Amino acid sequence: MPELPEVQTVLDGVTEYLKDKEIRGLDCFYPGTVVKDPELAKNPFPARLNGHERRGKYMILHLSGETSLIIHLRMTGKLVQGEAMPGKSPHERACFLLSGGKKLHFIDIRTFGKIVLCKTANLGKFMPDLGIEPLSAGFTGEYLARLFAHRKTPVKNILMDQSKIAGLGNIYATEILYRSRIHPETPAGEISLPRLSKLAAETKAVLKQAIAMNGTSISDFRRVDDKSGGFQNFLQIYQKDTCPKGHEVKKIKQGGRGTFFCPVCQK
DNA sequence: CAATGATCCTGTCCGC
DNA sequence: TGCGGACAGGATCATT
């Protein structure tokens with residue numbers, strides 16, 4: 001499932017692919033995949049990419065003509081450039097038509113992904129409230145101490161709450177807690193400041209390393225050029241039977257999602 | 001305000 | 001071999 005590093009990888013690939021091309025159209029093949037701002041002028045195309053940003057797991061592309069795109073891959077969404085996809089995919093939900101006959105395909109098996117096309121001025125209406133960026137300077141042990149204060153919620157649940165911290169999903173939350181030696185069910189408000197500082201530092205380290213490796217290709221994540229990421233080779237606990245120290249890994253459910261942890265290493 | 005549960009969707013896996 | 005059912009899982013919405 002694409003989380004922050006995977007979204008960053010895709011965004012980097014998409015912006016590189018689009019920088020010398022014009023977007024001439026956007027086809028939707030599945031009802032609901034493409035959402036159009038009712039206030040948008042009838043046809044915003046042709047348009048060019050003017051800028052971009054990532055907020056949590058959301059990609060935002062700023063186009064010419066005061067128009068913007070919000071793209072969310074959700075669980076199985078993929079953006080694949082035309083050359084990398086010779087055949088037809090039965091799961092193609094939308095497609096950007098580009099200059100020079102090129103295409104950018106939106107492939108999404110489970111159809112949860114979304115592409116929003118809106119007036120740039122209306123971005124706020126289409127974006128949810130998102131918490132702090134974990135790679136920002138303000139993401140520190142002290143910040144987490146304030147965020148977690150008096151909260152009895154298990155720490156892993158808060159790590160995955162996008163309105164508190166934007167961009168972490170099941171895989172990275174699981175990995176970060178293992179590397180921080182924190183038990184995923186620990187009530188968030190009970191964790192000491194030194195351990196929260198460790199948590200913040202490990203979060204940044206894991207995300208940076210994963211971005212450097214072009215993300216984690218678990219299930220079917222692929223880059224825009226359809227190549228795999230590399231961070232799955234560095235996972236220490238997610239979907240493992242034993243931790244790096246040889247202890248047996250336990251699997252539990254938290255908020256409907258699978259959590260892997262080591263009862264010996266994580267307290 | 002916080003926490004929980006249902007919902008969306010389909011490929012994969014398991015048991016019979 | 002084939003079928004049904006459980007499962008996975010991010011975000012949203014409704015409910016407690």
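What you see is a predicted model, and the numbers here were worked out from it, not measured in a lab. In what follows, chains carry the letters A, B, and so on, assigned in the order in which the sequence lines appear, proteins first and then strands, with residues in each chain numbered from 1.
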If you compare every side-chain N and O of [X] against the phosphate oxygens of [N] (OP1, OP2), does one of them come in below 4.0 Å?
{"X": "A/Lys164", "N": "B/dA3", "value": "no"}
{"X": "A/Tyr238", "N": "C/dG9", "value": "yes"}
{"X": "A/His91", "N": "B/dT10", "value": "no"}
{"X": "A/Arg257", "N": "C/dG10", "value": "yes"}

Closest to side chain of [X], choosing from [options]:
{"X": "A/Arg74", "options": "B/dC9, B/dA3, C/dG10", "answer": "C/dG10"}
{"X": "A/Asn170", "options": "C/dT12, C/dG9, B/dT10", "answer": "C/dG9"}
{"X": "A/Phe112", "options": "B/dA3, C/dG10, B/dT10", "answer": "C/dG10"}

* To do: State whether a side-chain donor-acceptor pair under 3.5 Å links A/Tyr58 with A/Gln162.
  =>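 Not at all, the side chains of A/Tyr58 and A/Gln162 share no donor-acceptor pair under 3.5 Å.
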
Under the salt bridge (charged side-chain N to carboxylate O under 4.0 Å, His left out) criterion, do A/Glu202 and A/Lys198 qualify, and how do the steps go?
CA-CA 6 Å; A/Glu202 290 292 342; A/Lys198 168 85 169 161; 2.9 Å; yes

Task: Check: B/dA2 base within 3.5 Å donor-acceptor of A/Arg151 side chain - done: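 No.
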
Identify each donor-acceptor pair in which a side-chain atom of residues 96-104 of chain A lies under 3.5 Å from a protein atom, sequence neighbours left out, and give them as a table.
residue	atom	partner	partner atom	Å
A/Ser99	OG	A/Glu22	N	2.8
A/Lys102	NZ	A/Glu83	OE2	2.8

Side chains of A/Glu175 and A/Gln236: does their closest heavy-atom pair fall under 4.5 Å?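 Yes, at least one pair of side-chain atoms sits under 4.5 Å.
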
